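Since the structure is predicted, the reported quantities are computational estimates derived from the model, not experimental observations. Below, chains carry the letters A, B, ... as their sequence lines are ordered, and counting in each starts from 1. Basis for what follows: all heavy atoms, side chains included, without hydrogens, waters or symmetry-related copies.
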There are 2 protein chains.
Amino acid sequence: MNGAHALMSTLTANGVDVCFANPGTSEMHFVAALDDTEGMRCVLGLFEGTVTGAADGYARMTGRPAVTLLHLGPGMANGLSNLHNALRAQSPIVNVIGDHATYHRHLDAPLTSDIEGAARPFSHWVRTTPDADSVAADTAAAVRESLRRPGRIASLILPADAAWNELAGPVSIPDAGMPDAAPADELAVDAAARLLAQATSPALVLGPGATLDEPLRAAGKIAAATGCALLTPTMTARITRGAGRVPVRRIPYVVEDAQKFLSGFDLLVMVGAKAPVSFFAYPERPSLLYPRDAQIIDLARADQDLGGALEALVDALGAAGQEAAVAPAATPATPTGELTIAKLGALIGAALPENAIVVDESITSGRTLVAETEGAAPHDWLVGTGGSIGYAMPCAVGAAVACPDRKVVVLESDGSAMYQPQALWTAAREQLDMVVLIFANRRYNILHGEMRNVGVPEFGAKARALLDIDNPAIDFVSLAASLGVPATAVSTADELAAALGRAMAERGPALIEVRL
Amino acid sequence: MNGAHALMSTLTANGVDVCFANPGTSEMHFVAALDDTEGMRCVLGLFEGTVTGAADGYARMTGRPAVTLLHLGPGMANGLSNLHNALRAQSPIVNVIGDHATYHRHLDAPLTSDIEGAARPFSHWVRTTPDADSVAADTAAAVRESLRRPGRIASLILPADAAWNELAGPVSIPDAGMPDAAPADELAVDAAARLLAQATSPALVLGPGATLDEPLRAAGKIAAATGCALLTPTMTARITRGAGRVPVRRIPYVVEDAQKFLSGFDLLVMVGAKAPVSFFAYPERPSLLYPRDAQIIDLARADQDLGGALEALVDALGAAGQEAAVAPAATPATPTGELTIAKLGALIGAALPENAIVVDESITSGRTLVAETEGAAPHDWLVGTGGSIGYAMPCAVGAAVACPDRKVVVLESDGSAMYQPQALWTAAREQLDMVVLIFANRRYNILHGEMRNVGVPEFGAKARALLDIDNPAIDFVSLAASLGVPATAVSTADELAAALGRAMAERGPALIEVRL
């Protein structure tokens with residue numbers, strides 16, 4: 001058995017059975033080992049951003065790590081921005097990054113770089129395995145580290161000779177184990193219970209992991225018992241929502257809106273979340289979004305058992321018998337006529353099939369989406385957690401691989417789509433059940449707003465040229481077709497409704513360019 | 001004057017007048033400052049790999065830095081792989097990377113990351129400017145560092161408040177200066193002269209900077225006087241070549257070929273180059289490509305004045321009156337009939353217009369290109385120096401911006417093209433005079449070879465699925481059209497000759513999908 005086989009066997013023995021890959025020469029033994037390994041599904045991306053973004057989506061939907069296969073420093077670098085998003089989503093991921101053979105490194109061949117240095121800012125754990133005999137133990141360590149709560153990025157660097165050399169010692173495939181979450185803290189639960197009872201206008205702020213169905217039901221009982229609001233940060237990895245689910249409100253992105261939204265609360269109980277701060281700083285505006293006289297307490301840190309903490313709080317409040325308020329089913333009427341941003345929410349809400357996975361990178365086109373889908377058929381809602389755009393199509397690829405029986409709906413702004421368009425090819429190759437809506441306003445519309453936010457109300461031709469992408473206009477129908485995804489363009493509400501109807505009725509990838 | 005204006009003024013005052021940009025919120029003041037600044041051309045990329053790759057191409061053709069504008073850590077990360085190529089090309093580049101306002105950083109908002117840590121592996125110099133009053137001096141330092149021989153990557157991190165705050169002190173725009181190259185070393189020149197006279201079969205190995213017209217003419221005189229061969233590493237940033245130019249031979253990529261190629265030499269005189277090593281290590285094959293009993297000496301290090309060193313060697317050899325052998329004009333006959341890789345070289349050699357800039361990322365499709373173009377009309381030849389694929393189209397964008405009167409010809413393999421296709425949009429937007437040939441064999445053909453090189457002669461379905469990209473086949477004509485570049489597909493030699501003829505006769509961007 002060589003190192004590559006030891007790696008593969010350790011991964012599959014520990015339940016890591018999906019590999020998103022963009023390999024190169026230094027990973028050829030890993031690729032060869034695939035042929036001899038049962039139970040590892042391998043999905044190719046044409047660009048590393050697809051690979052890491054897909055691993056993020058897979059982790060968000062399964063809670064388990066996929067393995068990525070990346071080619072030395074620059075190949076990994078192409079995947080770093082979506083690793084940043086994954087890190088902020090608290091997604092467990094095991095990266096395997098090939099490197100030169102150990103004895104070749106000091107020669108500084110052209111592809112040599114400081115891989116550990118480049119991986120570290122976007123990983124919780126980085127290790128270079130020294131030789132074939134260390135591969136199994138290091139791989140198990142990587143899997144274990146990725147599963148440490150709340151979910152971590154583990155980057156294992158695999159020199160080519162560690163992959164191709166035969167093991168000298170006996171083969172033993174270690175058990176990575178599943179690290180337990182730290183239990184809820186009784187004192188914190190008691191404090192939260194007492195403060196909730198005293199507060200005039202309290203809220204729970206639910207971080208990633210606390211916005212899935214079960215913890216939301218516990219939170220709903222707490223809300224019923226105490227009158228507290230249920231909030232979540234603007235960017236939360238995954239929210240289980242729709243008709244029959246306990247609704248949670250996202251804190252708005254725009255500073256003024258967020259400040260106003262939070263202004264009435266006198267107590268914020270954090271459940272694996274951090275006290276809300278603005279996404280960016282702006283001149284003369286606050287960074288902290290909550291009232292300075294509000295009390296902020298932690299019910300549980302992100303690495304603790306958030307569901308357990310919420311259940312403990314339910315018990316401490318004697319709220320087990322309470323009935324959580326859930327969103328009533330409410331399918332919006334399908335709008336007709338001219339297509340406007342205001343109508344998008346209702347059009348999508350009406351079309352959303354049961355159990356859909358919505359991957360939202362709609363930016364400024366998405367203003368009405370959240371409200372109009374609250375009573376839609378039950379679904380999951382994923383957003384870009386790290387603020388690096390280009391996450392949605394890759395993330396959707398991973399979600400579709402994880403959940404082949406669920407329709408994945410990508411809500412994508414045109415500017416964002418152009419960061420990782422290669423993901424469409426993987427969707428076509430794997431025939432993923434995924435429909436991509438491109439909201440084509442042909443500008444970085446959010447930056448028009450940001451220019452005003454930083455105090456530049458009027459801007460000239462040079463600035464405008466950096467904020468508008470209408471010259472040339474991108475033809476997303478041709479782009480999708482070039483990558484094997486059937487596509488159509490719509491410019492009225494009726495056309496969009498019809499196109500959505502068709503896309504939801506059929507399986508497989510499709511793209512709709514929504515001309516706004 | 002605010003920090004952003006100080007930055008812009010310092011750049012333009014020091015001759016940095018082209019900005020390749022993909023800005024975000026933290027760079028809005030930089031964008032606003034553009035409108036008030038004369039003499040800064042700003043070119044938008046839809047993805048940061050276009051931005052950094054274009055800066056590389058611009059630097060290769062001008063010897064001067066462009067400035068890139070990148071959005072925090074993940075935005076910069078998207079540009080790192082082409083920065084790696086630029087670093088290996090010894091291209092001077094000034095990166096300006098926006099960051100959160102200094103007082104906002106500790107809040108760990110979603111887009112926060114260790115920008116310095118991520119920049120360092122791909123930069124020679126990294127600095128975070130602390131405040132508006134430091135911006136001018138730090139910008140001048142960045143320009144100066146980028147120009148240190150032989151050319152360096154300088155990354156300046158600009159917190160948002162350092163950009164938007166007014167300067168407290170008086171404004172003074174510093175002169176970056178132009179660092180001198182270290183002069184040639186007399187002892188090294190004397191040693192080289194003496195050893196060249198004694199050697200049976202000597203060669204000069206010319207690194208980047210020594211393969212342009214003037215140093216090559218000096219090298220040609222040395223060759224005429226001593227009979228030495230003129231070689232250059234496989235991956236050299238820019239070679240000035242064609243009819244009337246002193247030809248230099250590239251060391252082959254494949255280990256066996258390179259070993260054989262170098263086996264006869266008993267003396268290698270390095271001129272800003274490193275002793276040749278294999279690109280990757282392979283089991284049971286050598287990493288060092290030169291004969292172990294050959295003598296290796298440095299005429300000049302990369303940071304020294306390479307042209308001066310060659311001139312000094314000419315003088316030491318008394319070779320000033322020698323006539324350098326140059327490539328005779330030789331336009332290959334245009335092949336007809338079936339299209340094969342073997343015919344590509346002649347087809348392109350026959351079509352190449354005078355003064356063309358060839359950007360070569362043809363990988364396995366390019367085997368006949370170099371030989372068949374040696375006698376073509378005089379041109380420059382650029383190759384991927386760092387081995388990270390996806391460099392060619394971005395690099396071509398920068399070369400075309402640098403040299404608007406020269407035709408840029410991109411020789412691109414299909415797998416590589418899919419790493420940075422966004423560069424086509426910038427070519428369309430700026431109406432760059434650039435023709436892209438896509439060699440579509442629908443596989444990572446080099447990896448088929450590499451699998452065999454690492455000792456896997458037969459490979460199965462899973463491995464093959466990671467090496468072939470024919471499912472679905474990518475339609476490059478649609479892809480180019482979607483991004484505003486007119487395109488055509490050819491599948492015979494005659495069709496390619498006709499398409500090349502049209503593309504060379506017309507100005508502006510065009511793409512030809514060459515179906516192999």
Side-chain angles (χ1 to χ4, degrees), chain A residues 21 23 25 28-29 31-32 34-35 42 44 46-47 74 77-78 80-81 84 88 100-101 104 107 109-111 113-114 117-118 120-121 160 164 235 277 279-281 283 287 385-388 418-419 422 428-429 450-451 454 456 459-460 462-463 466 471-472 474-475 478-479 481-484, chain B residues 21 23 25 28-29 31-32 34-35 42 44 46-47 74 77-78 80-81 84 88 100-101 104 107 109-111 113-114 117-118 120-121 160 164 235 277 279-281 283 287 385-388 418-419 422 428-429 450-451 454 456 459-460 462-463 466 471-472 474-475 478-479 481-484:
Chain A
T25 299
M28 284 299 99
H29 280 88
V31 171
L34 276 173
D35 277 319
C42 213
L44 179 62
L46 294 177
F47 184 73
N78 284 334
L80 289 176
S81 63
H84 171 82
R88 293 282 169 174
H100 285 305
H104 196 72
L107 298 172
L111 254 172
S113 67
D114 175 7
R120 209 163 278 126
W164 76 51
M235 312 289 184
V277 300
F279 202 86
F280 290 107
S287 287
T385 44
S388 184
M418 289 311 300
Y419 283 77
Q422 298 93 338
R429 181 179 184 83
E450 296 294 58
M451 281 290 269
V454 301
V456 185
F459 38 99
K462 283 187 186 173
L466 288 181
N471 174 26
I474 296 157
D475 177 348
S478 289
L479 179 67
S482 76
L483 300 173
Chain B
T25 299
M28 284 298 100
H29 280 87
V31 172
L34 276 173
D35 277 320
C42 212
L44 179 63
L46 294 177
F47 184 72
N78 283 334
L80 289 176
S81 64
H84 171 81
R88 294 281 169 174
H100 285 304
H104 195 73
L107 297 173
L111 254 172
S113 67
D114 176 7
R120 210 164 278 125
W164 76 52
M235 312 289 186
V277 299
F279 202 86
F280 290 107
S287 287
T385 44
S388 184
M418 289 312 299
Y419 284 77
Q422 299 93 339
R429 182 179 182 84
E450 295 292 59
M451 280 291 269
V454 300
V456 185
F459 37 98
K462 282 187 188 173
L466 288 182
N471 175 25
I474 297 158
D475 177 348
S478 289
L479 180 67
S482 76
L483 300 173

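Nearest approach of Phe279(B) to Ala109(A), heavy atoms of both residues: O-CB, 3.5 Å. When all heavy atoms of Leu111(A) and Gly387(B) are compared, the pair lying nearest together is CD1-O, 3.6 Å. Across Ser81(A) and Pro74(B), no two heavy atoms sit closer than the pair CB-O, 3.5 Å. Shown here for Met235(B) and Pro110(A), the closest heavy-atom pair between the two residues is CG-CG, 4.4 Å.
Counting heavy-atom pairs closer than 4.5 Å to chain A, the top-ranked of the candidates Pro121(B), Ala101(B), Ala160(B), Gly484(B) is Pro121(B). The choice from Ala77(B), Ala21(B), Ser287(B) that makes the most heavy-atom pairs within less than 4.5 Å of chain A is Ser287(B). Put simply, of Ser478(A), Ala481(A), Ala118(A), the one with the most heavy-atom pairs under 4.5 Å next to chain B is Ser478(A). Annotation: maximal heavy-atom pairing with chain A below 4.5 Å, among Leu483(B), Leu80(B), Asn471(B), Val277(B), occurs at Asn471(B). Interface summary for chain A: among Asn78(B), Thr385(B), Leu466(B), the most heavy-atom pairs under 4.5 angstrom belong to Leu466(B). Of the listed residues (Cys42(A), Pro23(A), Ala32(A), Gly386(A)), the greatest number of heavy-atom pairs within a distance under 4.5 Å of chain B belongs to Gly386(A).
Counting only heavy atoms from C-beta outward, the side chains of Val31(B) and Val456(A) never approach each other to under 4.5 Å. Between Ile474(A) and Leu46(B), the closest side-chain pair of non-hydrogen atoms falls below 4.5 Å. Put simply, the side chain of Asp114(B) does not reach to within 4.5 Å of the side chain of Arg120(A), judged on heavy atoms.
Distance check: Leu34(A) CG to Phe459(B) CZ gives 12.5 Å after rounding to the nearest 0.5 Å. In this structure, NE2 in His104(B) is found 8.0 Å from CZ in Phe280(A), a value given to the nearest 0.5 Å. Rounding to the nearest 0.5 Å gives a distance of 4.0 Å between OG of Ser482(A) and CG of Leu479(B).
By the salt bridge (charged side-chain N to carboxylate O under 4.0 Å, His left out) test, Arg429(B) pairs with no residue at all, sequence neighbours left out. Considering only residues two or more places apart in sequence or on other chains, Ala428(A) meets the side-chain contact (heavy atoms from CB on, under 4.5 Å) condition with Val485(A), Pro472(B).
A donor-acceptor contact shorter than 3.5 Å links the side chain of Asp35(A) to the backbone of Ala463(B). Checked by atom type and distance alone, the side chain of Glu450(A) never pairs as donor or acceptor with a backbone atom of Met28(B) at under 3.5 Å. Between the side chain of His29(A) and the backbone N or O of Val454(B), at least one donor-acceptor pair lies under 3.5 Å.
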Carefully, step by step, assess Ser113(B) and His84(A) under the rule side chain to side chain donor-acceptor pair (under 3.5 Å). CA-CA 8 Å; Ser113(B) 67; His84(A) 171 82; 4.8 Å; no
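For Thr25(B), the parts lying near chain A are the backbone and the side chain together; criterion is any non-hydrogen pair under 4.5 Å.
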